[in-house]
*Asks:* 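Following this message is one structure expressed as C-alpha coordinates.
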Number of protein chains: 2
Amino acid sequence: MVDKATQLLDDYGIADLTMRRLARELNVTPGALYWHFADKQELLGAVADRILTPALAEVVADWQGRITAICGQLRDALLSHTDGAELVSASFAAGRSTAATELLARLTDAAASAGVAPAHAGLAARTVVYYVLGFTADEQSRLQWDAAGAALSDGQSVLGDDDPGVRFAFGVRLLIDGIAARQPQRL
Amino acid sequence: MVDKATQLLDDYGIADLTMRRLARELNVTPGALYWHFADKQELLGAVADRILTPALAEVVADWQGRITAICGQLRDALLSHTDGAELVSASFAAGRSTAATELLARLTDAAASAGVAPAHAGLAARTVVYYVLGFTADEQSRLQWDAAGAALSDGQSVLGDDDPGVRFAFGVRLLIDGIAARQPQRL
DNA sequence: ACCTGAACACCGTTCAAGT
DNA sequence: ACCTGAACACCGTTCAAGT
(Lines give C-alpha, C1' and ligand atoms only; values in the text may rest on other atoms or scores of the structure.)
Protein backbone atom coordinates (compact mmCIF):
# COMPACT_ATOMS: atom_id res chain seq x y z
CA MET A 1 0.00 0.00 0.00
CA VAL A 2 2.67 2.48 1.04
CA ASP A 3 4.92 0.73 -1.48
CA LYS A 4 2.52 1.35 -4.33
CA ALA A 5 1.99 4.93 -3.16
CA THR A 6 5.73 5.56 -3.18
CA GLN A 7 6.03 4.02 -6.61
CA LEU A 8 3.18 6.21 -7.86
CA LEU A 9 4.96 9.24 -6.45
CA ASP A 10 8.23 8.36 -8.14
CA ASP A 11 6.61 7.62 -11.47
CA TYR A 12 4.05 10.43 -11.75
CA GLY A 13 4.67 13.00 -9.01
CA ILE A 14 2.68 14.26 -6.06
CA ALA A 15 -0.16 15.71 -8.15
CA ASP A 16 -1.01 12.25 -9.41
CA LEU A 17 -0.70 10.59 -6.02
CA THR A 18 -4.43 10.57 -5.36
CA MET A 19 -6.51 8.19 -3.31
CA ARG A 20 -8.55 7.20 -6.35
CA ARG A 21 -5.52 6.58 -8.50
CA LEU A 22 -3.81 4.56 -5.77
CA ALA A 23 -6.96 2.50 -5.35
CA ARG A 24 -7.13 1.87 -9.09
CA GLU A 25 -3.49 0.77 -9.14
CA LEU A 26 -4.20 -1.63 -6.26
CA ASN A 27 -7.35 -2.94 -7.94
CA VAL A 28 -9.59 -1.88 -5.11
CA THR A 29 -12.35 0.66 -4.62
CA PRO A 30 -11.36 4.12 -3.29
CA GLY A 31 -13.33 3.49 -0.12
CA ALA A 32 -11.17 0.47 0.72
CA LEU A 33 -8.21 2.76 1.48
CA TYR A 34 -10.16 4.31 4.33
CA TRP A 35 -10.13 1.11 6.25
CA HIS A 36 -6.32 1.35 6.42
CA PHE A 37 -5.82 5.12 6.68
CA ALA A 38 -7.97 7.71 8.38
CA ASP A 39 -7.43 10.19 5.58
CA LYS A 40 -5.09 11.17 2.77
CA GLN A 41 -2.73 13.05 5.11
CA GLU A 42 -2.11 9.86 7.07
CA LEU A 43 -1.19 8.03 3.88
CA LEU A 44 1.13 10.84 2.83
CA GLY A 45 2.69 10.79 6.30
CA ALA A 46 3.46 7.10 5.87
CA VAL A 47 5.08 7.82 2.50
CA ALA A 48 7.08 10.64 4.12
CA ASP A 49 8.30 8.22 6.78
CA ARG A 50 9.40 5.80 4.11
CA ILE A 51 11.28 8.54 2.26
CA LEU A 52 12.98 9.68 5.44
CA THR A 53 14.17 6.28 6.63
CA PRO A 54 17.60 6.54 4.95
CA ALA A 55 18.03 9.94 6.59
CA LEU A 56 17.79 8.33 10.02
CA ALA A 57 21.18 6.62 9.86
CA GLU A 58 23.03 7.42 13.07
CA VAL A 59 26.21 9.45 12.92
CA VAL A 60 28.91 9.73 15.55
CA ALA A 61 30.62 13.09 15.41
CA ASP A 62 30.85 16.45 17.15
CA TRP A 63 27.75 18.62 16.99
CA GLN A 64 28.79 20.38 13.79
CA GLY A 65 29.43 17.05 12.12
CA ARG A 66 26.09 15.68 13.27
CA ILE A 67 24.17 18.67 11.93
CA THR A 68 26.05 18.59 8.64
CA ALA A 69 25.43 14.87 8.29
CA ILE A 70 21.73 15.04 9.12
CA CYS A 71 21.21 17.91 6.67
CA GLY A 72 23.05 16.07 3.93
CA GLN A 73 21.22 12.80 4.53
CA LEU A 74 17.90 14.62 4.65
CA ARG A 75 18.55 16.40 1.35
CA ASP A 76 19.68 13.17 -0.29
CA ALA A 77 16.58 11.36 0.89
CA LEU A 78 14.29 14.09 -0.44
CA LEU A 79 16.04 14.20 -3.80
CA SER A 80 15.69 10.43 -4.17
CA HIS A 81 11.95 10.70 -4.83
CA THR A 82 9.94 12.80 -7.23
CA ASP A 83 8.54 15.80 -5.32
CA GLY A 84 10.09 14.34 -2.17
CA ALA A 85 10.80 17.72 -0.62
CA GLU A 86 7.30 18.99 -1.25
CA LEU A 87 5.68 15.88 0.19
CA VAL A 88 7.84 15.79 3.31
CA SER A 89 7.41 19.55 3.85
CA ALA A 90 3.65 19.13 3.85
CA SER A 91 3.74 16.13 6.18
CA PHE A 92 6.18 17.87 8.50
CA ALA A 93 4.05 21.01 8.64
CA ALA A 94 0.97 18.93 9.35
CA GLY A 95 2.90 17.02 12.02
CA ARG A 96 2.07 13.70 10.42
CA SER A 97 5.50 12.21 9.85
CA THR A 98 7.04 10.56 12.88
CA ALA A 99 10.38 10.28 11.06
CA ALA A 100 10.44 14.06 10.59
CA THR A 101 9.77 14.47 14.29
CA GLU A 102 12.64 12.11 15.07
CA LEU A 103 14.96 14.08 12.80
CA LEU A 104 13.94 17.27 14.59
CA ALA A 105 14.72 15.65 17.94
CA ARG A 106 18.19 14.70 16.77
CA LEU A 107 18.90 18.21 15.55
CA THR A 108 17.64 19.54 18.87
CA ASP A 109 20.10 17.23 20.57
CA ALA A 110 22.95 18.47 18.44
CA ALA A 111 22.04 22.09 19.15
CA ALA A 112 22.01 21.33 22.86
CA SER A 113 25.47 19.77 22.51
CA ALA A 114 26.55 23.01 20.88
CA GLY A 115 25.74 24.79 24.10
CA VAL A 116 22.43 26.31 23.07
CA ALA A 117 20.13 26.78 26.06
CA PRO A 118 17.64 23.89 26.37
CA ALA A 119 14.73 26.24 25.81
CA HIS A 120 16.23 27.36 22.50
CA ALA A 121 17.71 24.16 21.10
CA GLY A 122 14.39 23.16 19.54
CA LEU A 123 14.11 26.53 17.86
CA ALA A 124 17.58 26.22 16.41
CA ALA A 125 16.69 22.74 15.13
CA ARG A 126 13.52 24.01 13.45
CA THR A 127 15.51 26.77 11.78
CA VAL A 128 17.77 24.12 10.28
CA VAL A 129 14.82 22.00 9.11
CA TYR A 130 13.08 24.97 7.49
CA TYR A 131 16.28 25.64 5.59
CA VAL A 132 16.80 22.11 4.33
CA LEU A 133 13.18 21.70 3.29
CA GLY A 134 13.01 25.11 1.65
CA PHE A 135 16.31 24.80 -0.15
CA THR A 136 15.67 21.28 -1.37
CA ALA A 137 12.12 21.93 -2.52
CA ASP A 138 13.48 24.85 -4.52
CA GLU A 139 16.36 22.82 -5.94
CA GLN A 140 14.11 19.91 -6.80
CA SER A 141 11.52 22.00 -8.62
CA ARG A 142 14.22 23.57 -10.79
CA LEU A 143 15.80 20.18 -11.32
CA GLN A 144 12.55 18.58 -12.39
CA TRP A 145 11.62 21.58 -14.47
CA ASP A 146 14.62 21.48 -16.72
CA ALA A 147 14.76 17.69 -16.68
CA ALA A 148 11.53 17.92 -18.66
CA GLY A 149 12.68 20.48 -21.20
CA ALA A 150 15.96 22.10 -22.17
CA ALA A 151 18.93 19.73 -22.20
CA LEU A 152 20.58 21.84 -19.50
CA SER A 153 22.22 24.95 -20.96
CA ASP A 154 25.21 24.43 -18.66
CA GLY A 155 26.34 28.06 -18.54
CA GLN A 156 29.88 28.91 -17.57
CA SER A 157 31.00 27.29 -14.35
CA VAL A 158 33.30 24.30 -14.25
CA LEU A 159 33.08 23.22 -10.64
CA GLY A 160 31.77 25.47 -8.02
CA ASP A 161 29.45 28.21 -7.10
CA ASP A 162 26.39 26.92 -8.88
CA ASP A 163 26.72 23.31 -7.91
CA PRO A 164 23.63 22.73 -5.73
CA GLY A 165 25.68 20.71 -3.26
CA VAL A 166 28.05 23.62 -2.75
CA ARG A 167 25.20 26.07 -2.49
CA PHE A 168 23.47 23.82 0.03
CA ALA A 169 26.60 23.57 2.17
CA PHE A 170 26.84 27.35 2.28
CA GLY A 171 23.55 27.62 4.14
CA VAL A 172 24.37 24.74 6.45
CA ARG A 173 27.60 26.46 7.47
CA LEU A 174 25.77 29.74 7.94
CA LEU A 175 23.35 28.03 10.31
CA ILE A 176 26.11 26.24 12.19
CA ASP A 177 27.94 29.51 12.73
CA GLY A 178 24.71 31.08 13.92
CA ILE A 179 24.21 28.23 16.37
CA ALA A 180 27.80 28.50 17.55
CA ALA A 181 27.15 32.17 18.35
CA ARG A 182 24.29 31.01 20.59
CA GLN A 183 26.69 29.46 23.09
CA PRO A 184 26.63 31.11 26.52
CA GLN A 185 30.18 32.25 25.93
CA ARG A 186 32.89 31.61 23.42
CA LEU A 187 35.85 29.67 24.76
CA MET B 1 -11.36 40.11 -8.23
CA VAL B 2 -8.19 39.93 -6.15
CA ASP B 3 -10.17 41.80 -3.48
CA LYS B 4 -12.87 39.17 -3.34
CA ALA B 5 -10.25 36.40 -3.41
CA THR B 6 -8.47 37.96 -0.44
CA GLN B 7 -11.74 38.32 1.41
CA LEU B 8 -12.57 34.70 0.69
CA LEU B 9 -9.17 33.70 2.04
CA ASP B 10 -9.63 35.69 5.23
CA ASP B 11 -13.15 34.40 5.82
CA TYR B 12 -12.82 30.73 4.92
CA GLY B 13 -9.13 29.84 4.47
CA ILE B 14 -7.02 28.64 1.57
CA ALA B 15 -8.87 25.32 1.16
CA ASP B 16 -12.05 27.20 0.28
CA LEU B 17 -10.32 29.68 -2.01
CA THR B 18 -11.30 27.83 -5.19
CA MET B 19 -11.88 29.17 -8.67
CA ARG B 20 -15.46 27.95 -8.64
CA ARG B 21 -16.23 29.46 -5.28
CA LEU B 22 -14.63 32.78 -6.23
CA ALA B 23 -16.67 32.80 -9.44
CA ARG B 24 -19.86 32.13 -7.49
CA GLU B 25 -19.08 34.95 -5.07
CA LEU B 26 -18.53 37.30 -8.02
CA ASN B 27 -21.73 36.12 -9.74
CA VAL B 28 -19.92 34.86 -12.80
CA THR B 29 -19.25 31.51 -14.39
CA PRO B 30 -15.98 29.72 -13.46
CA GLY B 31 -14.76 30.07 -17.03
CA ALA B 32 -14.95 33.86 -16.80
CA LEU B 33 -11.98 33.91 -14.42
CA TYR B 34 -9.77 32.45 -17.12
CA TRP B 35 -10.08 35.55 -19.21
CA HIS B 36 -8.34 37.48 -16.41
CA PHE B 37 -5.90 34.88 -15.08
CA ALA B 38 -4.06 32.18 -16.97
CA ASP B 39 -4.55 29.70 -14.14
CA LYS B 40 -5.19 29.39 -10.42
CA GLN B 41 -1.53 29.88 -9.54
CA GLU B 42 -1.56 33.28 -11.19
CA LEU B 43 -4.58 34.28 -9.13
CA LEU B 44 -2.91 33.06 -5.95
CA GLY B 45 0.23 34.97 -6.90
CA ALA B 46 -1.81 38.14 -7.15
CA VAL B 47 -3.27 37.48 -3.70
CA ALA B 48 0.24 36.84 -2.37
CA ASP B 49 1.37 40.18 -3.79
CA ARG B 50 -1.51 41.90 -2.07
CA ILE B 51 -0.66 40.24 1.25
CA LEU B 52 2.99 41.21 0.92
CA THR B 53 2.47 44.88 0.09
CA PRO B 54 2.70 46.04 3.73
CA ALA B 55 5.96 44.09 4.04
CA LEU B 56 7.50 46.23 1.32
CA ALA B 57 7.76 49.38 3.44
CA GLU B 58 11.30 50.70 3.08
CA VAL B 59 13.54 50.80 6.13
CA VAL B 60 16.69 52.83 6.63
CA ALA B 61 19.11 51.08 8.96
CA ASP B 62 22.32 49.09 9.02
CA TRP B 63 22.18 45.63 7.47
CA GLN B 64 21.20 43.89 10.69
CA GLY B 65 18.39 46.38 11.20
CA ARG B 66 17.16 45.95 7.64
CA ILE B 67 17.07 42.16 7.90
CA THR B 68 15.32 42.29 11.26
CA ALA B 69 12.78 44.78 9.93
CA ILE B 70 12.06 42.86 6.73
CA CYS B 71 11.60 39.62 8.68
CA GLY B 72 9.28 41.27 11.16
CA GLN B 73 7.22 42.99 8.48
CA LEU B 74 7.01 39.79 6.49
CA ARG B 75 5.81 37.79 9.48
CA ASP B 76 3.26 40.46 10.37
CA ALA B 77 1.94 40.53 6.82
CA LEU B 78 1.56 36.75 6.75
CA LEU B 79 -0.19 36.65 10.10
CA SER B 80 -2.67 39.31 8.95
CA HIS B 81 -4.47 36.86 6.66
CA THR B 82 -5.88 33.40 7.24
CA ASP B 83 -3.37 30.84 5.92
CA GLY B 84 -1.23 33.76 4.74
CA ALA B 85 2.06 31.94 5.32
CA GLU B 86 0.91 28.85 3.47
CA LEU B 87 -0.35 30.81 0.48
CA VAL B 88 2.75 32.98 0.19
CA SER B 89 5.03 29.96 0.63
CA ALA B 90 3.35 28.22 -2.28
CA SER B 91 3.47 31.31 -4.50
CA PHE B 92 7.09 31.96 -3.59
CA ALA B 93 8.08 28.37 -4.33
CA ALA B 94 6.27 28.53 -7.65
CA GLY B 95 7.95 31.84 -8.40
CA ARG B 96 4.64 33.54 -9.01
CA SER B 97 4.73 36.42 -6.55
CA THR B 98 6.67 39.44 -7.72
CA ALA B 99 6.47 40.95 -4.24
CA ALA B 100 8.20 37.89 -2.80
CA THR B 101 10.90 38.26 -5.42
CA GLU B 102 11.31 41.92 -4.45
CA LEU B 103 11.61 40.98 -0.79
CA LEU B 104 14.28 38.44 -1.69
CA ALA B 105 16.18 41.11 -3.63
CA ARG B 106 16.15 43.41 -0.62
CA LEU B 107 17.44 40.69 1.67
CA THR B 108 20.14 39.92 -0.88
CA ASP B 109 21.09 43.59 -0.77
CA ALA B 110 21.30 43.55 3.00
CA ALA B 111 23.45 40.42 2.95
CA ALA B 112 25.77 42.09 0.45
CA SER B 113 26.01 45.09 2.77
CA ALA B 114 27.00 42.67 5.50
CA GLY B 115 30.05 41.78 3.47
CA VAL B 116 28.82 38.47 2.10
CA ALA B 117 30.37 37.71 -1.28
CA PRO B 118 28.05 38.71 -4.17
CA ALA B 119 27.80 35.09 -5.29
CA HIS B 120 26.56 34.08 -1.84
CA ALA B 121 24.33 36.99 -0.84
CA GLY B 122 21.34 35.50 -2.65
CA LEU B 123 21.84 32.21 -0.84
CA ALA B 124 21.93 33.94 2.51
CA ALA B 125 18.74 35.81 1.60
CA ARG B 126 16.95 32.58 0.65
CA THR B 127 18.00 31.03 3.95
CA VAL B 128 16.32 33.90 5.74
CA VAL B 129 13.15 33.63 3.65
CA TYR B 130 12.91 29.87 4.22
CA TYR B 131 13.10 30.53 7.93
CA VAL B 132 10.44 33.23 8.04
CA LEU B 133 8.03 31.26 5.87
CA GLY B 134 8.63 28.02 7.74
CA PHE B 135 8.41 29.54 11.19
CA THR B 136 5.33 31.59 10.43
CA ALA B 137 3.46 28.80 8.67
CA ASP B 138 4.08 26.68 11.73
CA GLU B 139 3.06 29.42 14.14
CA GLN B 140 -0.05 30.23 12.16
CA SER B 141 -1.25 26.65 11.94
CA ARG B 142 -0.95 26.26 15.69
CA LEU B 143 -2.59 29.64 16.21
CA GLN B 144 -5.53 28.79 13.99
CA TRP B 145 -5.78 25.31 15.41
CA ASP B 146 -6.33 26.40 18.99
CA ALA B 147 -8.32 29.44 17.95
CA ALA B 148 -10.92 26.91 16.80
CA GLY B 149 -10.97 24.80 19.95
CA ALA B 150 -9.57 25.02 23.46
CA ALA B 151 -9.67 28.50 24.98
CA LEU B 152 -5.87 28.49 25.20
CA SER B 153 -4.63 26.51 28.18
CA ASP B 154 -2.00 29.22 28.86
CA GLY B 155 0.50 27.04 30.72
CA GLN B 156 3.06 28.62 32.97
CA SER B 157 4.96 31.50 31.39
CA VAL B 158 4.30 35.14 32.15
CA LEU B 159 6.33 36.91 29.50
CA GLY B 160 8.97 35.20 27.54
CA ASP B 161 10.25 32.02 26.12
CA ASP B 162 7.06 30.83 24.56
CA ASP B 163 5.92 34.14 23.16
CA PRO B 164 6.02 33.53 19.38
CA GLY B 165 7.52 36.96 18.82
CA VAL B 166 10.43 36.13 21.11
CA ARG B 167 10.86 32.71 19.55
CA PHE B 168 10.81 34.26 16.09
CA ALA B 169 13.48 36.81 17.04
CA PHE B 170 15.74 34.00 18.25
CA GLY B 171 15.97 32.52 14.76
CA VAL B 172 16.43 35.91 13.14
CA ARG B 173 19.37 36.62 15.42
CA LEU B 174 20.82 33.18 14.73
CA LEU B 175 20.68 33.89 11.00
CA ILE B 176 22.16 37.36 11.37
CA ASP B 177 25.08 35.94 13.36
CA GLY B 178 25.54 33.29 10.70
CA ILE B 179 25.60 35.97 8.02
CA ALA B 180 28.03 38.05 10.04
CA ALA B 181 30.36 35.05 10.13
CA ARG B 182 30.29 35.06 6.33
CA GLN B 183 32.24 38.32 6.17
CA PRO B 184 35.66 38.01 4.53
CA GLN B 185 37.27 38.97 7.82
CA ARG B 186 36.09 40.31 11.13
CA LEU B 187 37.16 43.87 11.83
C1' DA C 1 -13.62 42.90 -24.80
C1' DC C 2 -15.74 40.03 -21.72
C1' DC C 3 -18.71 36.34 -20.41
C1' DT C 4 -21.95 31.98 -20.65
C1' DG C 5 -23.01 27.06 -21.23
C1' DA C 6 -21.64 22.95 -21.22
C1' DA C 7 -18.66 19.73 -21.13
C1' DC C 8 -14.19 16.87 -19.75
C1' DA C 9 -11.76 14.58 -16.59
C1' DC C 10 -11.19 14.30 -12.42
C1' DC C 11 -11.10 14.81 -6.69
C1' DG C 12 -11.63 13.13 -1.01
C1' DT C 13 -14.75 11.01 1.98
C1' DT C 14 -18.69 8.34 3.93
C1' DC C 15 -21.30 4.37 4.84
C1' DA C 16 -24.77 0.71 4.41
C1' DA C 17 -24.27 -3.63 2.80
C1' DG C 18 -21.84 -7.68 1.52
C1' DT C 19 -18.32 -11.76 2.19
C1' DA D 1 -11.63 -8.21 9.11
C1' DC D 2 -11.74 -6.22 4.88
C1' DC D 3 -13.95 -4.61 0.81
C1' DT D 4 -17.76 -3.03 -2.70
C1' DG D 5 -21.29 0.09 -4.59
C1' DA D 6 -23.00 4.07 -4.77
C1' DA D 7 -23.52 8.28 -3.57
C1' DC D 8 -22.34 13.37 -1.91
C1' DA D 9 -20.30 17.42 -2.72
C1' DC D 10 -17.13 19.15 -4.89
C1' DC D 11 -12.57 20.48 -8.11
C1' DG D 12 -9.48 23.14 -12.41
C1' DT D 13 -9.63 24.00 -17.16
C1' DT D 14 -11.18 24.52 -22.04
C1' DC D 15 -13.68 26.49 -25.68
C1' DA D 16 -17.38 27.31 -29.06
C1' DA D 17 -20.74 30.53 -28.99
C1' DG D 18 -22.96 34.67 -27.60
C1' DT D 19 -23.32 39.98 -26.60
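Note on naming: letters A, B, ... go to the chains in the order of the sequence lines (proteins, then strands), and numbering restarts at 1 for each one.
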*Asks:* Distance under 4.0 Å to a non-hydrogen atom of chain B counts as contact; along DNA chain C, which nucleotides mark the start and end?
*Replies:* C:dA1 to C:dA7
*Asks:* Quick one: side-chain hydrogen bond (donor to acceptor under 3.5 Å, both in side chains) partners of A:Arg50, sequence neighbours excluded?
*Replies:* A:Asp3
*Asks:* So, using side-chain contact (heavy atoms from CB on, under 4.5 Å) as the criterion, who are the partners of A:Ala99 when residues are at least two apart?
*Replies:* A:Asp49, A:Leu52, A:Leu56, A:Ser97
*Asks:* By side-chain contact (heavy atoms from CB on, under 4.5 Å), which residues pair with A:Ala5, not counting sequence neighbours?
*Replies:* A:Leu17, A:Leu22, A:Leu43, A:Val47
*Asks:* Test of understanding: with side-chain hydrogen bond (donor to acceptor under 3.5 Å, both in side chains), list the residues that count as partners of A:Asp138, not counting sequence neighbours.
*Replies:* A:Arg142, B:Arg126, B:Tyr130
*Asks:* For the side chain of A:Gln140 and the backbone of A:Leu78, is there at least one donor-acceptor N/O pair under 3.5 Å apart?
*Replies:* yes
*Asks:* Please list residues of residues 32-43 of chain A whose heavy atoms come under 4.0 Å from any atom in DNA chain C, ordered by number; otherwise none.
*Replies:* A:Tyr34, A:Asp39, A:Lys40
*Asks:* List for me each residue that meets salt bridge (charged side-chain N to carboxylate O under 4.0 Å, His left out) alongside A:Glu139, sequence neighbours excluded, and say none if there are none.
*Replies:* A:Arg75
*Asks:* With sequence neighbours excluded, give me every salt bridge (Lys or Arg N to Asp or Glu O under 4.0 Å) pair touching residues 54-70 of chain A.
*Replies:* A:Glu58-A:Arg106
*Asks:* Does a sphere of radius 6.0 Å around CZ in A:Arg173 hold more than 12 heavy atoms from other residues, nucleotides or ligands, not counting ones at 6.0 Å or beyond?
*Replies:* no
*Asks:* Can you list, in residue-number order, the parts of residues 81-94 of chain B that come under 4.0 Å of DNA chain D, counting heavy atoms only?
*Replies:* none
*Asks:* Expected output is a numbered-order residue list: members of residues 12-23 of chain A with a heavy atom under 4.0 Å from any atom of DNA chain D. What is it?
*Replies:* A:Arg20
*Asks:* With ring pair (Phe, Tyr, Trp, His ring centres under 6.0 Å) as the rule and sequence neighbours excluded, what pairs involving residues 11-55 of chain A come up?
*Replies:* none
*Asks:* In which ranges does DNA chain C form stems of 3 or more consecutive Watson-Crick or G-U pairs, distances under 3.5 Å?
*Replies:* C:4-8 with D:12-16, C:12-16 with D:4-8
*Asks:* Heavy-atom nearest nucleotide on DNA chain C for A:Gly31 versus B:Gly31: which residue maps closer to 5'?
*Replies:* B:Gly31
